[in-house]
Amino acid sequence: EKKVELCKSILEKMSLTMQLQRRLGITATEVEKLLPKGKESEELHQVWEGLKAATQAGHAMFLRLSQDGGKTELKFLVKGFQNFFAAQAIVNGSDKDMPSLQELLTDPWWAQMLEMLAEARPLRYVEVIESRLKSAPQGPELGDSFLHIAARAG
């Protein structure tokens, strides 16, 4: 069970990085750079090597290798898997690099991931939206949006 959790952790890091960079693929080298270094992370690196080997052998059910532009990338079979694991990364607290509220709410790239986040952890979804709302431009010259008014009202 610990290996499954470590594997999920790797997939979450991969997915969120891909989501933030608006990419559908990531190289093995890029994934390795996302993993922590040191003796305590040796097991995580072993799990990554196993996941990478399973993908190369075609045994990973939702990951595949793709040869695009001369480089080998890992890609999820469908973007929904990427959205799911990215949403899980945010559930676990990785939302500091998320885009602006306007982009989150108006760009289709984020729609399914936000829906998954809202379904899985409604309170976490609200926290993410509120954190983006706090950093959104405000002031009399911009007017108060309904989101600003609702946030102040609680």
Side-chain angles (χ1 to χ4, degrees), residues 1-137 147 151 154:
E1 184 169 315
K2 184 176 181 186
K3 286 184 180 183
V4 170
E5 291 304 314
L6 291 172
C7 192
K8 283 173 40 181
S9 169
I10 294 166
L11 294 170
E12 289 169 12
K13 290 175 190 307
M14 280 175 55
S15 298
L16 187 58
T17 298
M18 292 162 60
Q19 190 72 16
L20 291 170
Q21 295 176 3
R22 295 176 165 272
R23 294 172 49 198
L24 296 174
I26 190 167
T27 66
T29 304
E30 290 173 301
V31 175
E32 288 160 9
K33 289 178 182 175
L34 296 173
L35 303 179
K37 309 285 186 261
K39 224 169 178 30
E40 63 278 349
S41 62
E42 283 180 13
E43 190 174 7
L44 185 66
H45 285 270
Q46 289 174 352
V47 169
W48 162 241
E49 290 301 323
L51 179 60
K52 190 168 55 170
T55 303
Q56 289 169 336
H59 299 302
M61 297 299 288
F62 45 83
L63 276 177
R64 61 185 165 89
L65 288 179
S66 173
Q67 299 283 334
D68 286 337
K71 65 179 178 178
T72 303
E73 291 187 321
L74 291 104
K75 293 184 175 185
F76 287 94
L77 192 58
V78 294
K79 185 161 183 305
F81 288 124
Q82 179 176 324
N83 289 328
F84 171 78
F85 286 110
Q88 279 303 121
I90 293 168
V91 164
N92 295 327
S94 300
D95 68 318
K96 66 179 173 55
D97 295 324
M98 296 284 288
S100 71
L101 181 63
Q102 181 175 351
E103 185 176 340
L104 283 175
L105 297 179
T106 61
D107 189 336
W109 178 260
W110 297 98
Q112 186 181 34
M113 191 214 68
L114 286 175
E115 288 173 14
M116 290 178 172
L117 176 60
E119 287 177 16
R121 292 290 196 309
L123 293 177
R124 182 69 180 119
Y125 172 82
V126 170
E127 289 173 5
V128 169
I129 296 300
E130 285 178 343
S131 74
R132 295 294 161 271
L133 188 57
K134 288 176 184 169
S135 63
L147 287 172

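For clarity, every value in this text was computed on a predicted model and none was experimentally measured. The first residue in the sequence is number 1, and the count goes up from there.
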Sidechain N-carboxylate O distance under 4.0 Å for K52, E32: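 Between E32 and K52 there is a salt bridge, with a charged N closer than 4.0 Å to a carboxylate O.
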
Answer yes or no: is there an ion pair linking E5 with K2, defined by an N-O contact shorter than 4.0 Å?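 No, E5 and K2 are not salt-bridged.
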
side-chain hydrogen bond (donor to acceptor under 3.5 Å, both in side chains) assessment of S100 paired with E103: CA-CA 5 Å; S100 71; E103 185 176 340; 4.6 Å; no

Quick one: are [X] and [Y] in side-chain contact, heavy atoms under 4.5 Å?
X: I10; Y: M14; value: yes
X: Q88; Y: K8; value: no
X: R64; Y: L77; value: yes
X: N92; Y: E12; value: yes
X: Q82; Y: K79; value: yes
X: L51; Y: L63; value: yes
X: Q19; Y: W110; value: yes

Do the ring planes of F62 and F81 sit parallel (below 30°), tilted (30 to 60°) or perpendicular (above 60°)?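 Ring orientation of F62 relative to F81: tilted.
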
How far apart are the closest heavy atoms of [X] and [Y], and which atoms are they?
X: R132; Y: L101; answer: CB-CB, 3.8 Å
X: S41; Y: P36; answer: OG-O, 2.9 Å
X: T55; Y: A60; answer: OG1-CB, 3.5 Å
X: L114; Y: L104; answer: CD1-O, 3.2 Å
X: G25; Y: K75; answer: CA-CG, 3.7 Å
X: I90; Y: S94; answer: CG1-O, 3.7 Å

Inter-residue atom distance [X].[atom1] - [Y].[atom2], 0.5 Å rounding:
X: L123; Y: E130; atom1: CG; atom2: CD; value: 9.5 Å
X: S9; Y: L35; atom1: OG; atom2: CG; value: 8.0 Å
X: I129; Y: L105; atom1: CD1; atom2: CG; value: 5.0 Å
X: E49; Y: Q46; atom1: CD; atom2: CD; value: 9.0 Å
X: L74; Y: L24; atom1: CG; atom2: CG; value: 13.0 Å
X: N83; Y: M116; atom1: CG; atom2: CE; value: 5.5 Å

Derivation and outcome, salt bridge (Lys or Arg N to Asp or Glu O under 4.0 Å), residues E30 and K71: CA-CA 12 Å; E30 290 173 301; K71 65 179 178 178; 5.7 Å; no

Has R121 got more than 12 heavy atoms of other residues, nucleotides or ligands less than 6.0 Å from its CZ?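 Result for CZ/R121: open.
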
Checking side-chain polar atoms at under 3.5 Å, does T27 have a donor or acceptor matched by the opposite partner on E73?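 Side-chain D/A pair, T27 to E73: absent.
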
Check the pair F76 / F84 against side chain to side chain contact (heavy atoms under 4.5 Å, CB included), numbers first and verdict last. CA-CA 11 Å; F76 287 94; F84 171 78; over 6 Å; no

Any chance you could lay out the salt bridge (Lys or Arg N to Asp or Glu O under 4.0 Å) test for R124 and E127, step after step, and finish with the verdict? CA-CA 5 Å; R124 182 69 180 119; E127 289 173 5; 3.1 Å; yes

